[in-house]
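Everything on this sheet refers to the single structure shown next.
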There are 2 protein chains.
Amino acid sequence: MEIDEILDRFYPLPTHSKKALKAHISEVRRPKGDILMRVGRVEKNLYFIKSGIVRAYSDSHSGDVSFWFGKEGDIVISMKGYVSGQEGYEHIETLEACDLYQMRTQNLEALFETDIHVANWGRKLIGYEMIKTEERLIAMQFKTAQQRYLDLIATTPDLLQRVQLCHIASYLGITQVSLSRIRAEIR
Amino acid sequence: MEIDEILDRFYPLPTHSKKALKAHISEVRRPKGDILMRVGRVEKNLYFIKSGIVRAYSDSHSGDVSFWFGKEGDIVISMKGYVSGQEGYEHIETLEACDLYQMRTQNLEALFETDIHVANWGRKLIGYEMIKTEERLIAMQFKTAQQRYLDLIATTPDLLQRVQLCHIASYLGITQVSLSRIRAEIR
DNA sequence: TATAAAATTTTACAAATGATAAAAAGCGAT
DNA sequence: ATCGCTTTTTATCATTTGTAAAATTTTATA
């Protein structure tokens, strides 16, 4: 997905604002398994995914827990750093070789302060992430694991093809063994 | 909590921007049990809580599920309407008599388009809600119900005094019976 | 205070999920 | 194709959580 299309996804940016953003964006390629962001760091960069897929995860006593997947067209940010300049609570790693558009957080923040369209673009972007997250939280609170799995294959079936089941399982809030049981039941 | 303090919570607004916001804000009192927002509506108003406590909830097959509590200083919005002008998926009701600052969504949106400070204020505001929601989602995925309950009494002990346990239970993603069991264990 | 209503806890049993270990299947490199 | 490694499934048992109903406590109000 090209950068113009990605930037236009949620808010119609005027040409000059899009140009201002693009002036700070470069293209990079990262191999599979590359760590884009680490827990405890204030990340200096953010990314837009041209191609490939990534996951965000946090550490737990029993391995890591994936809580977000990003693919073509998605923005990759360390949420706490992006919002408040604080250390992130997540790792983000590539699950495939990825083509990314890279931008310095600092440059985006400067544009927020000077370009009202970019500020509103950033507001919308975080808003859409917020809705997705809130809907997932609600699903976690009152849907069964099986329902959440069925929802997942209904909304993003490609995830099942591209992401290991251990990551899908932790994303759904269950163990991989439980996920296997669910898959066996509905087969 | 006074409106000036609330508006300043997450982003330092210049005087003229704060004035512009306050020009559209009026004070209202709502009784306990009042419904501020309904599922399926595009809400015309948003609120800032001067005093009192409210909850957001969605319908489920087995009663309703609380997924957010708001109290003094918090903003009350229907997330989907605020972000994308679409129908909300939540009800919001007062759990105590509330003093609220009321504003028309439409007026806030107009300010977003004309005042860059308001746009950035709105961006921050949604960002802080996003972090809280993401952290809760992660907790739902890999913490036990007992840990989530202990976290709750550690971070917002007043909630236990002000909110019925059936709402706390659904907020934690468990039944009231489970919550009772947990409370008995740690007693 | 007495009474009714609402909220919370307890109990018993059923269903779902977790932990662990082992088997089976899939995949890449040679 | 085969070997070695990773991923997924299966099986077992323990634990957690859910459901339903009853008992108890708290709250509201006459």
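The chains referred to below are lettered A, B, ... by the order of the sequence lines, with proteins before strands, and numbering in each begins at 1.
A:Gln164 has its CD atom 12 Å from the P atom of C:dC27, to the nearest Å. Going from atom CZ of A:Arg148 over to atom C1' of C:dA16 covers 12 Å, rounded to whole Å. Between A:Gln146 atom CD and C:dG18 atom P there is a gap of 14 Å when expressed in whole angstrom units. A:Gln147 has its CD atom 11 Å from the P atom of C:dA16, to the nearest Å.
With respect to the salt-bridge test (charged N to carboxylate O, under 4.0 angstrom), the residues A:Glu72 and A:Arg162 qualify. By the 4.0 Å N-to-carboxylate-O rule, B:Glu87 lies too far from B:Arg41 to be salt-bridged with it. Salt-bridge annotation for B:Arg38 and B:Glu43: absent, with no side-chain N of the basic residue lying under 4.0 Å from a carboxylate O of the acidic one.
Ring orientation note: the planes of B:Tyr82 and B:Phe112 are nearly perpendicular, at an angle over 60° on the 30°/60° scale. Relative orientation of the A:Trp121 and A:Phe48 rings is tilted, given thresholds of 30° and 60° on the angle between their planes.
Contacts between chain A and DNA chain D, taken as any atom within less than 4.0 angstrom of a protein heavy atom, begin and end at D:dT7 to D:dT12.
The salt bridge (charged side-chain N to carboxylate O under 4.0 Å, His left out) check on A:Lys44 picks up nothing, with sequence neighbours excluded.
B:Gln176 comes within contact range of at least one nucleobase, with a heavy-atom separation under 4.0 Å.
For the contact set between residues 179-187 of chain A and DNA chain D, defined by any heavy atom under 4.0 Å, the members are A:Ser180, A:Arg181, A:Arg183, A:Ala184.
Annotation: side chain of B:Asp74 is in contact with side chain of B:Arg9 (closest heavy-atom distance under 4.5 Å).
Toward the 5' end of DNA chain C, the nearer of the two residues B:Val163 and A:Gly173, judged by each one's closest nucleotide, is B:Val163. Nucleotides of DNA chain D nearest to B:Lys32 and B:Ile174 differ in position, and the one nearer the 5' end is that of B:Ile174.
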Between the protein and nucleotides 21-26 of chain C, which nitrogen or oxygen pairs are less than 3.5 angstrom apart?
none

Practice task
Step by step, work out the side chain to side chain contact (heavy atoms under 4.5 Å, CB included) result for B:Asn120 and B:Lys124.
Solution key: CA-CA 6 Å; B:Asn120 277 303; B:Lys124 285 283 183 179; 5.6 Å; no

Handout entry: A:Thr94 vs A:Arg30, side-chain hydrogen bond (donor to acceptor under 3.5 Å, both in side chains): CA-CA, chis, key distance, verdict
Key = CA-CA 8 Å; A:Thr94 59; A:Arg30 293 298 182 86; over 6 Å; no

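Checked against a 6.0 Å centroid threshold, the rings of B:Tyr57 and B:Phe67 do not count as neighbours.
When the shell of 6.0 Å around NZ of A:Lys132 is examined, it contains more than 12 heavy atoms from other residues, nucleotides or ligands.
Taking the screw axis at each terminus of the helix from C:dT1-D:dA30 to C:dT30-D:dA1 from five consecutive base pairs, the angle between the two is 50° to within rounding of 10 degrees.
Counting only residues at least two apart or in different chains, salt bridge (Lys or Arg N to Asp or Glu O under 4.0 Å) contacts with residues 100-115 of chain B are absent.
Checking B:Glu96, B:Glu5, B:Glu27 one by one against B:Lys50, the salt bridge (Lys or Arg N to Asp or Glu O under 4.0 Å) holds for a single residue, B:Glu27.
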